[in-house]
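In the text below, chain A, chain B and the rest are named by the order of the sequence lines, each starting its count at 1.
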2 protein chains.
Amino acid sequence: MKYSASKEDHLKAIFHLQSEQGVVTTNALAEALQTRPASVTDMLKKLKEQKLLLYERYKGFRLNNEGKKVALQIIRKHRLWEYFLVKKLQFGWDEVHEMAEELEHISSKKLVERLDAFLGFPETDPHGDPIPDSQGRFTSPRQLSLAQLPLNKVAEVSGISRQTTEMLELLQHKKIGLGTKLEVRRKFPFDNSLEIKIRNYPPVTISSLVAKNVLVKDEE
Amino acid sequence: MKYSASKEDHLKAIFHLQSEQGVVTTNALAEALQTRPASVTDMLKKLKEQKLLLYERYKGFRLNNEGKKVALQIIRKHRLWEYFLVKKLQFGWDEVHEMAEELEHISSKKLVERLDAFLGFPETDPHGDPIPDSQGRFTSPRQLSLAQLPLNKVAEVSGISRQTTEMLELLQHKKIGLGTKLEVRRKFPFDNSLEIKIRNYPPVTISSLVAKNVLVKDEE
DNA sequence: ATTTAATTTTAGACAAATCTAAAATTTAAA
DNA sequence: TTTAAATTTTAGATTTGTCTAAAATTAAAT
């Protein structure tokens, strides 16, 4: 099956919101896609029609297995192209998103597989996000945000999702960077701030906002 | 400016027909694009509107400078991607066209330039067609097959690609050899055979198969 | 438990690209 | 040169994806 770029964009955005927020709303999806809620509703009906989505009016929606499968293939392509742009064409990690948004809609299955091989079957993209394999499985250990990490479990920083100068500056000050090994010592429910322990340093506190944007991966 | 994939397809097809056949007709364009003459007319009006085409109803049409510039950029992208697919992803030269048809619409100017550099600034694509530079100029001296030579343009035979005894025998009989100066007088769409004129000789006809294997270069 | 507010959906419209069938125009032929 | 044939264009419809404004539904607040 082949779907329009717009349908693919919707599936991908639903997938992301679904795994980040757990639940997806019409408004959130419209916001993510820079479109209007009414347009989203229109598209939801079409996706349901094509059996990619479970949807009942006013009751919410979520991807079914087929929808997830399609979304994962788009994500796979997006991340492989990002990897290509950064590692082969020498782009910075912060300038490749837009281009990958276009390239992810190139349809040839065979092209994706050859590209994957050409790149040496990378497991994560330049931002540290895992690249699904051709069956949509994450071969790589999966990434979660610091906010989601269980207490007292050692993990390694593998990515930063929102890369603003201000945040990077803050992280640098707290000695947190790619590859840093750390664990969460306490969670304060009042403001969802966390106390973090990095080996050989005294504990530091970070806000919920920062925690959400620091991605880590479990030790095997 | 950014144009739709369909507009780009039309511009490119017009460019090719224009340089191969000298003149382009609505029907020929519809045929080349696998669409209907009525649809072509619709698009011609839009392209004229956007000042990419000189067009007057029933009187014919041709690209203006801006239109040619856009077409050449699409062709540039197409051929660079073909080169990439063959040289880097190990595809055969005969399986890359479809993929390049999609890739040629990726818009980032910067991506094209980086890709060009990554590939080592190739001068021709895997089929031997020249790759226009970023200003739309053909940097490479061009060798093309007799089948690609525009009508009534004098050229000199510069090579024979498939050298079988049978073909050389045939060419000798028609008085065609290295260095022969000739021009194409007519093209018969029915079987793609050509009528060739060599100075001081009466016209001769050669088949499409032969034409494809005789390489010529333009007089400067 | 009503009322108010927020969310979501519908109804109806629009732009882009395409189509079919019919009309206009040009070209070729008798 | 008048008729016939081929080409090209128009008129009107269709599909896809989008929009605005208004209505329907659900959630929140007093």
Side-chain angles (χ1 to χ4, degrees), chain A residues 1-14 17-18 21-63 67 70-71 74 101-102 104-105 107, chain B residues 1-14 17-18 21-63 67 70-71 74 101-102 104-105 107 186 188-190:
Chain A
M1 302 298 101
K2 206 178 153 187
Y3 307 101
S4 73
S6 178
K7 286 204 177 102
E8 293 187 346
D9 287 340
H10 280 75
L11 292 172
K12 189 179 65 154
I14 295 169
L17 291 171
Q18 207 168 268
Q21 255 71 72
V23 74
V24 200
T25 65
T26 303
N27 274 350
L29 188 49
E31 168 68 25
L33 290 166
Q34 291 285 73
T35 181
R36 298 296 182 168
S39 310
V40 165
T41 301
D42 290 342
M43 189 57 87
L44 294 179
K45 286 193 257 183
K46 291 175 199 161
L47 294 175
K48 181 189 180 174
E49 189 69 21
Q50 274 169 96
K51 303 207 189 304
L52 297 165
L53 190 71
L54 303 170
Y55 167 62
E56 290 196 81
R57 75 196 194 315
Y58 292 111
K59 299 280 191 77
F61 52 93
R62 63 177 206 278
L63 297 176
V70 175
I74 313 299
E101 287 289 300
E102 283 189 67
E104 72 190 5
H105 299 298
S107 59
Chain B
M1 301 302 94
K2 205 178 154 187
Y3 306 102
S4 72
S6 178
K7 285 200 176 106
E8 292 187 348
D9 287 340
H10 280 76
L11 292 171
K12 190 180 65 153
I14 295 169
L17 290 171
Q18 206 168 267
Q21 253 72 76
V23 74
V24 200
T25 65
T26 303
N27 274 351
L29 188 49
E31 168 68 24
L33 290 167
Q34 291 285 73
T35 180
R36 297 296 180 169
S39 311
V40 166
T41 301
D42 291 342
M43 189 57 88
L44 295 178
K45 285 193 258 183
K46 291 175 199 162
L47 294 175
K48 182 192 180 173
E49 189 68 22
Q50 273 169 98
K51 302 204 187 308
L52 296 165
L53 190 70
L54 303 169
Y55 166 63
E56 290 196 82
R57 74 200 198 310
Y58 292 112
K59 299 280 193 73
F61 53 92
R62 64 177 204 278
L63 296 176
V70 176
I74 314 298
E101 286 289 300
E102 282 189 68
E104 73 189 3
H105 299 298
S107 59
R186 286 196 64 178
F188 299 100
F190 173 66

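The residue A:Tyr55 sits close only to the backbone: its heavy atoms come under 4.0 Å of sugar-phosphate atoms, none of a base.
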Check nucleotides 26-29 of chain D for protein N or O atoms closer than 3.5 Å to its own N or O atoms and list the pairs.
none

For residues 28-42 of chain A, tabulate all N or O donor-acceptor pairs below 3.5 Å that involve a side-chain atom, not counting sequence neighbours.
{"unit_1": "A:Thr41", "atom_1": "OG1", "unit_2": "A:Pro37", "atom_2": "O", "d": "3.2"}

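Between its two ends, the helix from C:dA1-D:dT30 to C:dA30-D:dT1 turns its axis by 10°, counting five pairs per end and rounding to 10 degrees.
Using a 4.5 Å heavy-atom cutoff, the side chains of B:Asp9 and B:His105 are in contact.
Listed by residue number, B:Ser39, B:Asp42, B:Met43, B:Lys46 are the residues of residues 39-52 of chain B with a heavy-atom contact under 4.0 Å to DNA chain C. Contacts between residues 25-33 of chain A and DNA chain C, defined by a heavy-atom separation under 4.0 Å, are made by A:Thr25, A:Thr26, A:Asn27. Looking at residues 6-14 of chain A, you'll see A:Ser6, A:Lys7, A:His10 sit with a heavy atom under 4.0 Å from some atom of DNA chain D.
Under 4.0 angstrom from either OP1 or OP2 of D:dC19 there lies at least one side-chain N or O belonging to A:Thr35. A sub-4.0 Å separation between OP1 or OP2 of C:dT18 and a side-chain N or O of B:Arg36 is absent.
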> Where do A:Arg62 and A:Val24 land on the side-chain contact (heavy atoms from CB on, under 4.5 Å) test, with the steps shown first?
Replying inline: CA-CA 7 Å; A:Arg62 63 177 206 278; A:Val24 200; over 6 Å; no
> Hey, mind stepping through A:His10 and A:Lys46 against side-chain contact (heavy atoms from CB on, under 4.5 Å) and telling me if it holds?
Replying inline: CA-CA 11 Å; A:His10 280 75; A:Lys46 291 175 199 161; over 6 Å; no
> Going through the checks in order, is the side-chain contact (heavy atoms from CB on, under 4.5 Å) test met by B:Met1 and B:Gln50?
Replying inline: CA-CA 10 Å; B:Met1 301 302 94; B:Gln50 273 169 98; over 6 Å; no
> Can you check side-chain contact (heavy atoms from CB on, under 4.5 Å) on A:Ile74 and A:Leu11, steps first, answer last?
Replying inline: CA-CA 9 Å; A:Ile74 313 299; A:Leu11 292 172; 5.8 Å; no
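Taking all atoms of both residues into account, the shortest heavy-atom contact from B:Tyr55 to B:Lys48 is O-NZ, 3.1 Å.
Look at CG on B:Leu53: it is 14 Å from P on D:dT8, rounded to the nearest Å.
The only member of A:Leu63, A:Ile14, A:Leu54 that meets side-chain contact (heavy atoms from CB on, under 4.5 Å) when paired with A:Leu47 is A:Ile14.
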